[in-house]
Amino acid sequence: MSQPVIQVRDLGKLYRIRSAERKLYSTFREDMVNGIKRFVRGDFGQSRSEDFWALKDVSFDVHQGEVVGIIGRNGAGKSTLLKILSRIVQPTTGEAIIRGRVGSLLEVGTGFHPELTGRENIFMNGAVLGMKRAEIKKQFDAIAAFAEVEKFLDTPVKFYSSGMYVRLAFAVAAHLEPEILIVDEVLAVGDAAFQKKCLGKMGEVSEKEGRTVLFVSHNMAAIKGLCGRSILLDSGKIQEDGLTSAVVQKYFDFGISSGGQRVWEAWDRPGNQYFKINSITLKNSGGDEVSKINISEEAYIEINYEVIKHNSKVGFSLDLFNSEHYCVFSSLSNLDFFLNGKLLELGVYYTQCYLYKNLLNSGKFFISINGFSANWTDPVNIEKALFFEAVDDGVLKGDYFGGYGGDIRPKLLWKTRSTSD
């Protein structure tokens, strides 16, 4: 077998994170109270930090023409890995050997100069890849047509919408003939039609042109459709590497086996200047933390959070997804209460969202949580907050051993009457 085009050996990336939190906004009373607390504890604001390994002992090979999916929950180390392979970030330990030119699309605007026009950025990116002007001109029309931005090629890209940015960036990365194409979740910015177009192009450059593709996505249907092989990362380490179908199954099983609770350290809590989320927990009707729920019993998701600014408004929404990453439904917390209810003082609060019994079908699901505050500013998005499995105890099915279609199976009201009634 030929030499791998990507060789990763014992790769690690260490970050040093300050554990003390600083609020963006605080009142004089808050500052005074916190100062007294620090004085009593003997903590006079010393700088404290701790080590965080975004990647640890990661090793794998990728051969020419492979399309490899990189999957895992937020914070698993996916983006850090791609930044190292794209030579944006230096590893702390280990090495990554890349044989060939790399075209990467990691986030909106990566590799583009905002003051330059779309046309100028195309030529600049080609030059960075080592291509001659004649080679770039040969692909120019195809890039413009694929990106659907012909009318705006002579406009500085700082005036582009995020969708236009992504379309042009992907078209440049895919058409300027890099041997290795690295694409992060940034494709989610585009519309559904363009996402499908991009997936088709990635398959084409691999199958017809023999180029290597690394693809990060939370969309398991896209991963299954495009990638023959996938790598599952969690907490910076490889948990599984193999056939995509098996790795995706491991992804959901791994999330479920980790329990029905997500807890954050003080320094790592998601939130904004109004609130910080401490934990998210799935509980059964008895109030116990669970990773499996019985579909014939009520369950609920509990969000534990701290209000850190006086007189705040805090609300949440929930998105429930099936194992193929299709949204089953969304639910918004009491909007009237958020808009017209009382303002929250400093302190710890619980918000609970109840899943009615006899609502879900049996299967594996995950939940994403969105938090919002006054004037809908600084929204907080926690994708893949919890994984869980809904199981059928047979109460509804009775003696029927077959399966039911769909992701929900609500117990609806049915009536039967004769024409004589």
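Values below: every heavy atom of this structure, side chains too, minus hydrogens, waters and symmetry copies. Just so it is clear, the model here is predicted, and its values are computed rather than measured. Numbers here are sequence positions counted from 1.
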Would you say the side chain of [Y] lies within less than 4.5 Å of the side chain of [X], judging by non-hydrogen atoms?
| X | Y | value |
| --- | --- | --- |
| Val149 | Arg167 | yes |
| Lys250 | Leu232 | yes |
| Ile369 | Phe316 | yes |
| Leu282 | Gln261 | no |
| Val102 | Ile182 | yes |
| Val68 | Ile231 | yes |
| Ile408 | Val328 | yes |
| Lys83 | Thr80 | no |

Distance-only, no hydrogens or angles: does the [X] side chain make a donor-acceptor pair with backbone N or O of [Y] under 3.5 Å?
| X | Y | answer |
| --- | --- | --- |
| Ser279 | Arg262 | no |
| Asp288 | Asn284 | no |
| Ser206 | Gly65 | yes |
| Thr281 | Glu289 | no |
| Lys276 | Pro270 | no |
| Asp378 | Asn272 | no |
| Thr92 | Leu14 | yes |
| Asp319 | Ser368 | no |
| Asp268 | Trp264 | no |
| Ser59 | Asp10 | yes |

Would you call [X]-[Y] a salt bridge at under 4.0 Å N-O?
| X | Y | value |
| --- | --- | --- |
| Lys283 | Glu302 | yes |
| Asp184 | Lys78 | no |
| Lys224 | Glu324 | yes |
| Lys357 | Glu297 | no |

Please name the pair of heavy atoms, one in [X] and one in [Y], separated by the smallest distance, quoted to 0.1 Å.
| X | Y | result |
| --- | --- | --- |
| Pro91 | Leu11 | CB-CD1, 3.6 Å |
| Ser312 | Tyr274 | OG-CD2, 3.5 Å |
| Gly260 | Ser291 | N-CB, 3.9 Å |
| Met202 | Val183 | SD-CG2, 3.8 Å |
| Ser317 | Leu332 | CB-CD1, 3.8 Å |
| Ile295 | Ala390 | CG2-CB, 3.6 Å |

Fit a plane to each ring of Phe152 and Tyr160, take the angle between them on a 0 to 90° scale, and name the class: parallel (under 30°), tilted (30 to 60°) or perpendicular (over 60°).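 Plane angle over 60°, so perpendicular.
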Relative to each other, are the rings of Phe366 and Phe321 parallel, tilted or perpendicular (30° and 60° limits)?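 Rings of Phe366 and Phe321: parallel, under 30°.
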Who passes side-chain contact (heavy atoms from CB on, under 4.5 Å) against Gln7, sequence neighbours left out?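 Applying side-chain contact (heavy atoms from CB on, under 4.5 Å) to Gln7 gives Pro4, Arg9, Asp61, Ile97, Arg99.
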Contacts of Arg229 that satisfy side-chain hydrogen bond (donor to acceptor under 3.5 Å, both in side chains) - sequence neighbours left out: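 Expected list: Glu66, Asp241.
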Between Asp407 and Asn361, does a side chain to side chain donor-acceptor pair (under 3.5 Å) hold up when you go through it step by step? CA-CA 5 Å; Asp407 297 307; Asn361 200 354; over 6 Å; no
Stepwise side-chain contact (heavy atoms from CB on, under 4.5 Å) check, Val172 with Asn121: CA-CA 9 Å; Val172 168; Asn121 270 292; over 6 Å; no
Please walk me through it: do Ile122 and Leu153 pass side-chain contact (heavy atoms from CB on, under 4.5 Å)? CA-CA 9 Å; Ile122 291 173; Leu153 284 173; 4.2 Å; yes
Could you measure the distance from the [atom1] atom of [X] to the [atom2] atom of [Y]? Nearest 0.5 Å is fine.
| X | Y | atom1 | atom2 | answer |
| --- | --- | --- | --- | --- |
| Leu243 | Cys227 | CG | SG | 12.0 Å |
| Ser373 | Phe275 | OG | CZ | 5.5 Å |
| Ile180 | Ile6 | CD1 | CD1 | 4.5 Å |
| Arg409 | Ser296 | CZ | OG | 9.5 Å |
| Ile223 | Ser245 | CD1 | OG | 13.0 Å |
| Ser285 | Glu298 | OG | CD | 7.5 Å |

Under the criterion side-chain contact (heavy atoms from CB on, under 4.5 Å), I'd like the reasoning laid out for Ile301 against Leu355: C-alpha separation, chi angles, the key distance, then a yes or no. CA-CA 8 Å; Ile301 295 95; Leu355 298 173; 3.8 Å; yes
Test His218 against every option in Arg73, His325, Glu383 by the side-chain hydrogen bond (donor to acceptor under 3.5 Å, both in side chains) rule and name the one that passes.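 With His218 as partner, side-chain hydrogen bond (donor to acceptor under 3.5 Å, both in side chains) holds for just one option, Glu383.
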Listed pairs under 3.5 Å, donor-acceptor, residues 132-145 side chains, sequence neighbours left out:
unit_1: Glu135; atom_1: OE1; unit_2: Lys132; atom_2: N; d: 2.7
unit_1: Gln139; atom_1: NE2; unit_2: Glu177; atom_2: OE2; d: 3.1

Might you confirm whether atom OH of Tyr326 has over 12 heavy atoms from other residues, nucleotides or ligands at distances under 6.0 Å?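 12 or below, so no.
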Are more than 12 heavy atoms, taken from residues, nucleotides or ligands other than Glu150, located less than 6.0 Å from that residue's CD atom?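 Yes - once you tally the heavy atoms of other residues, nucleotides and ligands closer than 6.0 Å, there are more than 12.
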Verify side chain to side chain donor-acceptor pair (under 3.5 Å) between Asn278 and Arg269, making sure each step is shown before the conclusion. CA-CA 6 Å; Asn278 298 316; Arg269 294 185 299 173; 2.8 Å; yes
For Ser217 and Asn219, which I'm curious about, is there any donor-acceptor pair between the side chains at under 3.5 Å?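 No pair is found: no donor N or O on one side chain lies under 3.5 Å from an acceptor on the other.
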Applying side chain to side chain donor-acceptor pair (under 3.5 Å) to Thr117 and Asp154, what does each step give before you reach the verdict? CA-CA 5 Å; Thr117 66; Asp154 295 309; 4.7 Å; no
CA sep, side-chain torsions, deciding dist, call: Phe388, Leu320, side-chain contact (heavy atoms from CB on, under 4.5 Å): CA-CA 11 Å; Phe388 71 93; Leu320 180 80; 3.7 Å; yes
Quick check with a 6.0 Å cut-off and a 45 degree axis cone: is Lys197 positioned over the face of Phe146's six-membered ring?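 Yes.
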Proximity of Phe252 and Phe387 rings by center, below 6.0 Å: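 Yes, the ring of Phe252 comes within the 6.0 Å limit of the ring of Phe387, centre to centre.
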